[in-house]
Engineer: 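Have a look at this one.
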4 protein chains.
Amino acid sequence: MTKKKVAIIGATGYTGSELVRILVNHPEVEITMITSETYAGKNITDVHPFLQGIADFKLHSVEDIDDANADLVFLALPHGVSMDFVKRFQNKPFKIVDLSGDFRLQTPEVYEEWYQKAHSFSQGFSLAKFGLPELFSEEIKQSNLVANPGCFPTGAILGAAPLLVGDYIEASPLIVDSKTGVTGAGIKSKPVNLYSNVNDNFKAYGLKKHRHTIEIQEVLGAAAGNDIAVQFTPHLLPIDRGILSTIYAKPKKSITDNDLQEIYSKFYAAKPFVRLRNQVPATKDVRGSNFCDIYTTYDDRTGMIIVISAIDNLVKGAAGQAVHNMNLMLGLDESAGLNLVPVQP
Amino acid sequence: MTKKKVAIIGATGYTGSELVRILVNHPEVEITMITSETYAGKNITDVHPFLQGIADFKLHSVEDIDDANADLVFLALPHGVSMDFVKRFQNKPFKIVDLSGDFRLQTPEVYEEWYQKAHSFSQGFSLAKFGLPELFSEEIKQSNLVANPGCFPTGAILGAAPLLVGDYIEASPLIVDSKTGVTGAGIKSKPVNLYSNVNDNFKAYGLKKHRHTIEIQEVLGAAAGNDIAVQFTPHLLPIDRGILSTIYAKPKKSITDNDLQEIYSKFYAAKPFVRLRNQVPATKDVRGSNFCDIYTTYDDRTGMIIVISAIDNLVKGAAGQAVHNMNLMLGLDESAGLNLVPVQP
Amino acid sequence: MTKKKVAIIGATGYTGSELVRILVNHPEVEITMITSETYAGKNITDVHPFLQGIADFKLHSVEDIDDANADLVFLALPHGVSMDFVKRFQNKPFKIVDLSGDFRLQTPEVYEEWYQKAHSFSQGFSLAKFGLPELFSEEIKQSNLVANPGCFPTGAILGAAPLLVGDYIEASPLIVDSKTGVTGAGIKSKPVNLYSNVNDNFKAYGLKKHRHTIEIQEVLGAAAGNDIAVQFTPHLLPIDRGILSTIYAKPKKSITDNDLQEIYSKFYAAKPFVRLRNQVPATKDVRGSNFCDIYTTYDDRTGMIIVISAIDNLVKGAAGQAVHNMNLMLGLDESAGLNLVPVQP
Amino acid sequence: MTKKKVAIIGATGYTGSELVRILVNHPEVEITMITSETYAGKNITDVHPFLQGIADFKLHSVEDIDDANADLVFLALPHGVSMDFVKRFQNKPFKIVDLSGDFRLQTPEVYEEWYQKAHSFSQGFSLAKFGLPELFSEEIKQSNLVANPGCFPTGAILGAAPLLVGDYIEASPLIVDSKTGVTGAGIKSKPVNLYSNVNDNFKAYGLKKHRHTIEIQEVLGAAAGNDIAVQFTPHLLPIDRGILSTIYAKPKKSITDNDLQEIYSKFYAAKPFVRLRNQVPATKDVRGSNFCDIYTTYDDRTGMIIVISAIDNLVKGAAGQAVHNMNLMLGLDESAGLNLVPVQP
């Protein structure tokens with residue numbers, strides 16, 4: 001069988017190298033090109049020695065993209081940069097999975113408000129589908145441009161969607177208290193990811209205005225069929241990978257733990273990467289894998305529902321989900337190449 | 001000047017050794033006895049070599065307590081054990097700071113409900129004062145028995161008290177999403193503090209029924225003058241020391257960041273260990289010190305107040321606060337011996 | 001094609017669960033039984049929730065072993081326990097890979113000296129082959145009992161063997177300064193793997209008498225064809241997985257970096273899991289994978305050779321190497337199921 | 001009593017802020033100025049919020065130095081920058097402790113060879129004393145310019161000096177295998193201190209040519225009275241603070257553990273910051289303190305001596321030792337202000 005051909009634009013960042021890590025063992029896809037403007041001409045193993053003997057691929061300039069003969073291209077580029085490539089590639093014969101935030105929101109206006117930046121390709125918004133396969137697999141299959149969800153939104157939306165779709169909770173702010181590993185801040189050295197600023201430390205950041213707030217709010221609002229408010233607070237964990245979100249919601253009427261389990265089981269039936277847990281999940285339970293682990297409970301003392309979700313931000317929150325989207329877009333089995341067992345301990 | 005004499009019962013656990021770390025440099029107090037039933041006869045440096053040359057003290061059995069001639073005794077014992085010593089010491093000439101949870105709650109009945117254990121000295125409840133100096137310094141000065149607050153309650157109560165005392169927030173559940181370092185689980189080896197269960201990992205625990213819930217709720221309810229509900233969710237951080245609590249509350253009426261700063265400044269005026277911050281605090285900003293750092297903000301998009309507090313669970317959340325209480329009980333300057341600069345990085 | 005059948009005795013420890021992690025994706029092998037005397041009757045996901053949806057296997061008692069119809073059995077048991085099972089299984093129709101230290105040394109006498117324990121099955125010594133495939137693949141293929149090497153010996157022997165086999169270095173003590181992750185101490189909670197004893201900390205241990213000393217010395221001595229002395233000093237790193245060994249040796253005559261590269265390239269030609277590096281390796285470069293990364297250099301200022309090797313102690317140092325041995329013993333491709341890409345970051 | 005006045009040039013780096021942490025509690029010294037060219041005009045708490053309420057000091061430009069009326073000035077500046085300030089300050093009325101590497105070596109020629117940089121003030125070499133108080137306290141007391149030792153050299157020299165001064169070991173290369181925390185790389189963000197490059201990772205670096213090699217070799221050679229060769233290999237630990245050095249030496253004649261203890265006890269008698277340990281030390285045993293912990297043993301199987309030393313690189317390896325030097329230079333008690341208890345856990 002002929003393998004599908006894919007290229008990765010921006011292969012040396014964390015999401016790019018994670019795509020390589022996953023795709024080298026994908027049974028039906030081959031990487032025909034990887035690019036990096038910074039390191040073009042070098043080998044990716046010069047930048048990421050862990051890939052020696054596994055992916056001794058030369059890094060190209062994106063100018064060479066046509067030589068890839070790609071069926072699908074991953075854009076693993078920073079926010080604000082990706083949009084120019086989507087524009088530039090709009091008439092190319094390949095499909096695109098864009099891992100940036102540039103096409104995740106509903107309108108350019110909302111984008112500009114939350115990203116504080118003009119958008120260069122507003123036509124893209126009508127083409128792009130939000131690539132959360134558990135909610136939108138049919139749209140994704142038909143699409144040529146998929147906006148891969150943000151890491152925080154992936155965990156938050158999967159955690160809360162069943163409650164909103166089923167109209168079980170009040171419109172009072174949904175509280176999403178999230179904690180993320182450091183790789184979410186990217187591979188470039190800066191104070192936020194300086195070792196001694198993170199190690200043996202913990203803090204909140206981006207209060208009230210983190211860009212993922214609006215992404216969560218838009219998708220969950222659409223799921224609910226009405227406007228909702230999301231109070232999203234990210235925190236920085238001294239770990240490499242992983243996001244754990246603790247979600248607090250007030251139910252419209254009395255509910256039980258059994259009800260919650262039934263609601264979630266039904267909602268995620270036949271979804272291979274959601275694991276409903278009967279213990280509280282830990283980020284390490286999903287590390288290196290494409291799983292989203294979810295735990296739900298109701299506190300009748302306070303009348304609140306608590307939902308906890310855990311993902312690996314680089315896999316289910318980025319590269320793994322991108323491969324899942326690729327599988328859907330290329331007509332492959334949705335789980336192909338994603339049999340990644342969590343690395344624990 | 002004659003120094004006051006103190007003894008530490010249970011000196012080899014984390015709070016016990018932290019008391020030693022602090023008290024060896026206290027200008028007006030000397031340690032005249034430390035005890036450990038497990039290691040009686042050995043030197044504390046056999047258990048904690050970091051104290052070599054600093055506190056080469058012999059560990060006694062508690063049976064020797066009268067030889068200490070103590071003005072004040074610290075009980076650094078497990079919950080459920082401490083109560084027996086408080087009972088046994090009730091006619092001794094020394095004052096007591098009890099670092100366990102045995103006398104923090106309002107009645108033996110509440111204790112038994114949340115600790116799932118019969119209480120052996122219910123008379124102690126009327127004698128014990130809750131040792132949070134920022135709220136109760138006058139009662140503490142008059143008391144012979146102080147119940148040193150729990151680590152989570154210290155950060156949560158200091159974070160929320162100004163809002164409840166001033167009647168600024170709704171009675172809907174106060175959400176306290178807390179994250180703690182591992183030393184909170186004690187020095188005894190068990191799966192919860194096994195390195196590879198914690199390192200590069202993060203999870204919630206004790207949902208809905210952690211014992212500190214009721215401690216927070218009782219003290220804040222009393223501060224508010226009416227019953228409140230607290231939704232408290234602890235999480236385990238891969239760090240040694242530190243608790244960060246993110247608190248969500250709905251104000252009764254519109255409020256601003258300036259209002260909040262004014263409310264907190266007034267409430268904590270002349271409190272030497274509360275630092276009101278204009279940036280989001282991190283646990284490492286207070287590591288090794290007796291500070292509680294607090295940040296407040298209002299989100300007018302959602303109509304919610306967010307308060308973040310940070311403490312070192314072994315200092316402000318245990319041994320430092322115990323020394324603070326001791327200072328008050330012995331008539332010393334409240335800050336004596338507590339000029340501990342955070343160790344950062 | 002019919003898959004080979006394997007069983008894992010002692011599946012809930014770190015090496016046992018790592019065998020499960022690797023074998024569930026092995027294309028030519030199926031796990032037909034896993035055992036645990038402690039948890040028999042439970043599911044392995046009760047102990048290791050990260051395996052939910054991947055390996056929802058029941059844990060048996062070893063009494064059920066015949067039901068496994070196994071072609072090969074892994075013994076992932078503590079030292080001193082494993083020997084009894086090798087004895088008990090000596091007439092069983094399956095081959096054995098023993099991951100303990102019980103059959104790695106040359107004689108029961110040496111075992112008893114270094115392990116301070118009587119050996120219960122001295123006949124096993126003549127049957128067992130030392131399972132380091134890079135040196136002994138032919139013997140392993142013919143064997144029914146393979147003693148899987150210790151974690152430290154794997155890295156140390158692979159690092160030094162080319163120098164000793166080729167007679168390039170002096171007999172003065174070979175210095176092996178090794179640093180290991182915490183999982184080497186096993187899954188049972190004890191002070192050595194207590195989080196706060198390890199985190200933000202580093203120390204040496206087992207000076208002069210660690211049991212792996214003799215294992216390294218015997219194998220390298222045999223490789224050299226004469227007695228050698230090994231000064232082996234292990235240290236404990238605040239990481240989960242990984243061993244880095246820094247080896248110091250005095251060459252018999254002047255040598256260059258190029259000479260060293262040539263010696264090692266020739267020695268490890270066609271060895272799929274040794275990666276000769278031209279940068280200094282890091283433990284994370286091999287984390288989760290079966291690679292041993294090696295770097296060599298000569299310091300003409302001091303006249304010393306320095307060799308650095310890095311492995312994942314749970315993979316190349318235990319479960320991965322065991323699967324490699326299994327592949328050889330069952331006549332499979334030696335790399336089957338071991339296409340594990342390092343998880344980095 | 002009038003306090004002595006000191007200034008810190010370059011107060012916002014790790015050694016600068018550590019000097020502030022220590023000096024704010026020094027009983028006989030006051031900080032009259034701190035400087036930073038980058039942050040001049042701001043408060044140090046803007047850069048290091050952990051100092052809020054403790055050291056709310058304005059950051060000056062070094063141009064203001066005369067206003068400090070300093071008795072002594074600390075230069076906490078990068079290598080290659082410090083020399084210009086020593087030159088510029090040569091006629092100032094204050095003494096200088098230079099924490100950089102610019103005046104630690106014996107000649108400008110050696111400096112230029114190992115630092116690959118021209119030296120701008122070669123006259124300084126004859127003025128500067130090497131500030132290791134355990135070896136050179138008399139010279140330090142008389143000096144106006146002290147070159148504070150490097151972090152690695154401090155631990156290595158203190159570990160090996162008694163053996164070389166007493167002529168107990170062979171001239172064959174002294175092997176110093178050292179492991180350091182990340183703060184040794186400074187506060188500026190770069191790949192070497194990027195969190196995910198360090199966390200759960202370990203590697204060697206600077207093989208054969210690290211600048212501290214020559215510093216160790218020169219000082220130990222002078223102590224021995226003849227040339228020696230040092231094989232120094234640094235490694236990077238995933239910890240903030242701490243250096244552990246494992247030193248291997250061949251004795252000239254047979255020796256015992258008791259002999260070693262006697263040699264070291266005599267050598268370090270009355271040295272308040274060296275703790276001779278009868279267990280293997282850990283870096284956390286000295287964290288935050290000015291101690292150097294040393295353990296010695298002899299392996300009669302191999303005929304080698306092993307010495308292990310542990311320090312906190314920011315305290316005994318930098319700021320604490322600088323304060324120790326200051327105490328000697330200003331005629332204060334050598335331990336004044338250095339009663340820092342290790343922070344453990």
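Values below: all heavy atoms of this structure, side chains included; hydrogens, waters and symmetry mates excluded.
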Engineer: Heavy atoms under 4.5 Å from chain C: which residues of residues 277-294 of chain A carry them?
Structural biologist: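 Contacts with chain C: A:Arg277, A:Gln279, A:Lys284, A:Asp285, A:Arg287, A:Phe291.
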Engineer: Please classify the contact between A:Val182 and chain C as side chain, backbone, both or neither, with a heavy-atom cut-off of under 4.5 Å.
Structural biologist: neither
Engineer: Look at A:Glu18, A:Arg275, A:Arg21 and state which one has the largest set of heavy-atom pairs under 4.5 Å with chain C.
Structural biologist: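 Of the candidates given, the most pairs with chain C belong to A:Arg275.
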Engineer: Counting heavy-atom pairs under 4.5 Å to chain A, which of C:Pro49, C:Gly53, C:Pro272, C:Ala55 comes out on top?
Structural biologist: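 The answer is C:Pro49.
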Engineer: Let me confirm one number: the CG-CD distance from A:Asp240 to C:Gln344, rounded to the nearest 0.5 Å.
Structural biologist: 8.0 Å
Engineer: Look only at the side chain of A:Arg241 and the backbone of C:Pro345, and say whether a donor-acceptor pair between them is shorter than 3.5 Å.
Structural biologist: yes
Engineer: Are more than 12 heavy atoms, taken from residues, nucleotides or ligands other than A:Lys190, located less than 6.0 Å from that residue's NZ atom?
Structural biologist: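 It does: A:Lys190 NZ has more than 12 such atoms within range.
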Engineer: Measure C:Ile239 against the heavy atoms of chain A and call it side chain, backbone, both or neither at under 4.5 Å.
Structural biologist: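 Answer is neither: C:Ile239 stays 4.5 Å or more from chain A.
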Engineer: With a 4.5 Å cut-off on heavy-atom pairs, point out which of C:Val24, C:Ile187, C:Val20, C:Asn25 contacts chain A the most.
Structural biologist: C:Asn25
Engineer: Please determine, among A:Ile22, A:Thr183, A:Thr45, A:Ile54, the option with the most heavy-atom pairs under 4.5 Å with chain C.
Structural biologist: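 Most heavy-atom pairs within the cutoff with chain C belong to A:Ile54.
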Engineer: Where do C:Leu51 and A:Val341 land on the side chain to side chain contact (heavy atoms under 4.5 Å, CB included) test, with the steps shown first?
Structural biologist: CA-CA 7 Å; C:Leu51 291 171; A:Val341 185; 4.2 Å; yes
Engineer: Is it the side chain or the backbone of C:Asp200 that comes within 4.5 Å of chain A heavy atoms, both, or neither?
Structural biologist: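 Contact with chain A is through the side chain of C:Asp200 alone.
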Engineer: Might you confirm whether atom OH of A:Tyr39 has over 12 heavy atoms from other residues, nucleotides or ligands at distances under 6.0 Å?
Structural biologist: no
Engineer: Are there over 12 heavy-atom neighbours, none belonging to A:Lys42, within less than 6.0 Å of that residue's NZ?
Structural biologist: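 Open: at most 12 neighbouring heavy atoms sit under 6.0 Å from NZ of A:Lys42.
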